[in-house]
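Below is one structure, written out as structure tokens; comments come after it.
Letters A, B, ... are given to chains in the order of the sequence lines, protein chains preceding strands, and every chain is numbered from 1.
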Protein chains: 2
Amino acid sequence: MSIHLRPSQALRLWQQVSLIEVRGKAPDLTERQLAILLTIYLDPPPHTVRGLAEKLDVSKPVITRALDTMGALKFVSRHRDTADRRNVLIKRTVEGALFVERFGDVVVAKAAELSL
Amino acid sequence: MSIHLRPSQALRLWQQVSLIEVRGKAPDLTERQLAILLTIYLDPPPHTVRGLAEKLDVSKPVITRALDTMGALKFVSRHRDTADRRNVLIKRTVEGALFVERFGDVVVAKAAELSL
DNA sequence: CATGAATGGAACGGAACCGAAACGGTTTTG
DNA sequence: CAAAACCGTTTCGGTTCCGTTCCATTCATG
């Protein structure tokens, strides 16, 4: 089964959520950063810099810098791969999970408010 | 009636749309810029710099600069209010409407792909 | 009119991000 | 082993965005 959504509803939903994000004090992530964070938390591990760069079709430095920013926020953590020490494995954190969870709740709440 | 969405679906939806935006060649707007654009196209006119600044809880220069950027993209246009010449009325454009419409279609399409 | 309030914009310095190239550390290859 | 390939990071120069402050124009008020 799938979610049926009309264009006007979709746009209204996006607007409402965006408004909350813009107005909120929450550390505002770039579109790219948010995409990376959601991918880390939704797609199955392991996650590497190279893998994320390919999935988002961006350069590696973009991923590295995004991880710097989000690492400072404690939303993700980095660990050397003991098997292949060239790799860096990106892992989830409690803070990151809370942020993502809260974000999902906002979307759900705003979706529930949509009038048909 | 309302849209029923589970948190995991909401997050997946956001991720899929974000991925398209990040990967796409489309001129990527800031979170703020997108919120402004959607507000202009969804909320009833007239729209002024001050009004938008209050609605988004940001400073006026933020709106001015966003309008500069989106004006260069032809997504919005500015016109002096003939009644009160201090005001600037922000109006929609064909290009902006197409951009918003296309964005809504992306959300709808990704929502339809969501498995329950 | 003259004064003050309101509106949108400009100016300034600082911070964040970007693309491209180059760099160390690690593993694979020949 | 030496050389090549791979991975993530750093560096560089340039662009964009930001917050704050200040300014020109226009309207309301006495």
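A side chain to side chain donor-acceptor pair (under 3.5 Å) check over residues 81-90 of chain B, counting only residues at least two apart or in different chains, returns the pairs B:Asp84-B:Arg86.
Residue contacts for B:Arg65: at a heavy-atom cut-off of 4.0 Å it reaches a base atom on one of the strands shown. Counting any heavy atom pair closer than 4.0 Å across all strands shown, B:Glu31 reaches no nucleic acid atom.
In this structure, B:Ile63 places its CD1 atom 14 Å from C1' of C:dT7, rounding to the nearest Å. Rounded to whole Å, the distance from NE2 on B:His47 to C1' on C:dT7 is 18 Å. Taking atom CG of B:Leu67 as the reference point, atom P of C:dA10 lies 12 Å away to the nearest angstrom. The distance between atom CE of A:Met70 and atom P of C:dC17, rounded to the nearest whole Å, is 11 Å. Separating the NZ atom of A:Lys60 from the P atom of C:dG19 is a distance of 14 Å, rounded to the nearest angstrom. Distance, B:Arg50 CZ to C:dA5 C1': 11 Å, rounded to whole Å. Between the CD1 atom of B:Ile90 and the C1' atom of C:dG8 there is a distance of 10 Å, given to the nearest Å.
Among the nucleotides C:dA5, C:dC18, C:dT27, the one closest to any side-chain atom of B:Arg86 is C:dA5.
Close to C:dA16, at under 4.0 Å from its OP1 or OP2, lies no side-chain N or O of A:Thr30. Note on A:Gln33: every side-chain N or O is 4.0 Å or more away from OP1 and OP2 of C:dA16. Between A:Asn87 and C:dT26, a side-chain N or O to OP1/OP2 separation shorter than 4.0 Å is absent.
Place A:Arg32 and B:Arg80 on DNA chain C by their nearest nucleotides, and B:Arg80 ends up nearer the 5' end.
Counting heavy atoms from C-beta on, the side chains of B:Ile20 and B:Lys110 come closer than 4.5 Å. Using a 4.5 Å heavy-atom cutoff, the side chains of A:Asp68 and A:Arg78 are in contact. Residues A:Ile36 and A:Thr30 fail the side-chain proximity criterion, which asks for heavy atoms closer than 4.5 Å.
Between the side chain of A:His47 and the backbone N or O of A:Ile90, no donor-acceptor pair lies under 3.5 Å.
Contacts between chain B and DNA chain D, taken as any atom within less than 4.0 angstrom of a protein heavy atom, begin and end at D:dC17 to D:dC27.
A:Glu21 has a carboxylate O that lies under 4.0 Å from a charged side-chain N of A:Arg102, or vice versa, which qualifies the two as a salt bridge.
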Worksheet entry | Trace of the side chain to side chain contact (heavy atoms under 4.5 Å, CB included) decision for A:Val49 with A:Leu67 | CA-CA 9 Å; A:Val49 172; A:Leu67 293 179; 4.1 Å; yes
